[in-house]
Amino acid sequence: MSIYAGLDVSDKTTHICVVDVDGQVLRRDVVASDPDALTKWLNRHCHDLVRVVLETGPLSTFLYHGLIERDVAVESICARHAKGVLSARVNKSDVHDAEGLAELARTGWYKRVHMNASATHIDRAALRIWSQLITALTYTSTIEDPHRFARSNDVGAYAGLVPRRSQSGERDTSGHISKAGDPMLRKALHEAANVALSQVKRPFAFQEGGRKMVEAKG
């Protein structure tokens, strides 16, 4: 008898639901969110297992590749698509979500998501780390000796982060930044400022000052 399983994954535990070809629930359980534990449970209780389905999420890569390495027929599906299906159920819970995922596994009404190899995820993590360090390394290598600047404001002028002025008679216009100095440092500081203003959730003094500047100057 062909059977299908849905895995509703959380940080520590995973709710499992197994259904038959007619959608009848055969078994439910809660297992540690670990490929070994899940594989042992599936091998023990799920003979003639056709397909296992889990949603994309923080642990999906770890569990997907771990299950694939243990010869489990698992597929990762789009969490956004699954949410639309699971939200239609009357009672929203981990137990019912696992059952809904099992139904998706049985019917095939889902969008399969390609899972990059583990090595690729490691490479991407390294790239994210390097992108976070660009600013600090660029600043240090450009300034080199901070004692050569009498005031901190002089560093901004050195990087070209001061207004360009256009004077003609009585007109005195502050335009865009002068863009003098090192363009690499200016780009790194600009990216860091955007991250601080738009992506960092916890408020801090630099962010508040930056937002006031944006409100005043645009």
Side-chain angles (χ1 to χ4, degrees), residues 1-132 195 197-203:
M1 177 178 63
S2 298
I3 60 175
Y4 306 82
L7 307 181
D8 185 66
V9 180
S10 61
D11 290 342
K12 295 182 178 180
T13 59
T14 295
H15 284 262
I16 305 177
C17 180
V18 179
V19 299
D20 62 17
V21 71
D22 297 318
Q24 182 68 34
V25 175
L26 301 178
R27 186 179 292 271
R28 304 180 195 269
D29 208 340
V30 181
V31 181
S33 296
D34 176 78
D36 274 332
L38 290 169
T39 301
K40 289 177 181 177
W41 191 95
L42 293 169
N43 289 338
R44 185 183 306 118
H45 301 291
C46 299
H47 303 290
D48 300 322
L49 180 64
V50 175
R51 188 183 303 120
V52 179
V53 157
L54 56 82
E55 297 176 84
T56 53
L59 292 178
S60 58
T61 300
F62 166 67
L63 292 179
Y64 174 86
H65 288 294
L67 292 172
I68 288 293
E69 291 171 0
R70 292 161 177 80
D71 297 323
V72 176
V74 61
E75 290 192 1
S76 178
I77 69 174
C78 176
R80 183 176 299 177
H81 177 239
K83 181 180 179 181
V85 176
L86 299 178
S87 62
R89 303 180 69 86
V90 177
N91 296 319
K92 184 75 169 64
S93 66
D94 294 340
V95 174
H96 289 99
D97 284 352
E99 183 179 341
L101 291 171
E103 282 295 315
L104 290 176
R106 181 180 70 88
T107 60
W109 294 346
Y110 58 83
K111 180 178 180 181
R112 182 179 181 274
V113 175
H114 171 73
M115 298 296 288
N116 290 334
S118 299
T120 303
H121 284 277
I122 294 174
D123 290 340
R124 291 178 63 85
L127 289 173
R128 284 193 293 269
I129 293 170
W130 276 109
S131 67
Q132 293 171 4
V195 170
L197 290 176
S198 62
Q199 296 187 25
V200 179
K201 303 302 182 183
R202 185 177 60 185

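Residues that satisfy the salt bridge (Lys or Arg N to Asp or Glu O under 4.0 Å) test with Arg124, not counting sequence neighbours, are absent from this structure. With sequence neighbours left out, His65 forms a side chain to side chain contact (heavy atoms under 4.5 Å, CB included) with Thr61, Met115, Ser118. Qualifying side chain to side chain donor-acceptor pair (under 3.5 Å) partners for Asp123, counting only residues two or more places apart in sequence or in other chains: none. Evaluation of the side chain to side chain contact (heavy atoms under 4.5 Å, CB included) rule for Val200 yields Val195, Phe204, Gln207 as partners, not counting sequence neighbours. Residues meeting the side chain to side chain contact (heavy atoms under 4.5 Å, CB included) test with Ala37, sequence neighbours left out: Val31, Ala32, Asp34. Judged as a side chain to side chain contact (heavy atoms under 4.5 Å, CB included), and not counting sequence neighbours, the contacts of Ser33 are Val9, Thr14, Leu59. Partners of His47 according to the side chain to side chain donor-acceptor pair (under 3.5 Å) rule, which considers only residues two or more places apart in sequence or in another chain, do not exist here. Residues forming a side chain to side chain donor-acceptor pair (under 3.5 Å) with Asp36 (at least two apart in sequence, or on another chain): Arg70. Taking Arg106 as the reference, Glu103 meet the salt bridge (Lys or Arg N to Asp or Glu O under 4.0 Å) condition, with sequence neighbours excluded. In this structure Arg112 satisfies the side chain to side chain donor-acceptor pair (under 3.5 Å) test with no other residue, sequence neighbours excluded.
Judged as a salt bridge (charged side-chain N to carboxylate O under 4.0 Å, His left out), not a single pair has a partner in residues 11-21 (not counting sequence neighbours). Sequence neighbours left out, the pairs with a member in residues 22-31 that pass salt bridge (charged side-chain N to carboxylate O under 4.0 Å, His left out) are Arg28-Glu99.
The two residues Cys46 and Leu49 come nearest to each other via the heavy atoms O-CB, 3.6 Å. Across all non-hydrogen atoms, the minimal contact from Cys17 to Ala102 is O-CB, 3.5 Å.
With hydrogens and angles disregarded, no donor-acceptor distance shorter than 3.5 Å links the side chain of Ser2 to the backbone of Val21. Of the possible polar contacts, one joining the Asp48 side chain to the Met1 backbone as a donor-acceptor pair under 3.5 Å is found.
Atom CD in Glu75 sits 11.5 Å away from atom CG in Leu104 (nearest 0.5 Å). Once rounded to the nearest 0.5 Å, the distance linking CG of Leu42 with CZ of Arg44 reads 10.0 Å. Taking CG from Leu101 and OH from Tyr4, the interatomic distance works out to 15.5 Å, rounded to the nearest 0.5 Å. Distance check, rounded to the nearest 0.5 Å: CG of Asn116 to CD1 of Ile122 gives 12.0 Å. Separation of atoms NE2 (His45) and CD1 (Ile16) is listed at 8.0 Å; rounding is to 0.5 Å. How far CG of Leu54 is from CG of Leu7: 5.5 Å, rounded to the nearest 0.5 Å.
Contact of the Trp41 side chain with the Val18 side chain is registered, since non-hydrogen atoms from C-beta on lie closer than 4.5 Å. Residues Tyr110 and Cys78 fail the side-chain proximity criterion, which asks for heavy atoms closer than 4.5 Å. No side-chain heavy atom of Val113 sits under 4.5 Å from any side-chain heavy atom of Ile77.
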Begin with the C-alpha distance, continue with both residues' side-chain angles, and end with the deciding distance and a verdict on side-chain contact (heavy atoms from CB on, under 4.5 Å) for Asp8 and Glu55.
-> CA-CA 7 Å; Asp8 185 66; Glu55 297 176 84; 3.8 Å; yes
Kindly determine whether Val74 and Ile68 satisfy side-chain contact (heavy atoms from CB on, under 4.5 Å), including the steps that lead there.
-> CA-CA 7 Å; Val74 61; Ile68 288 293; 3.7 Å; yes
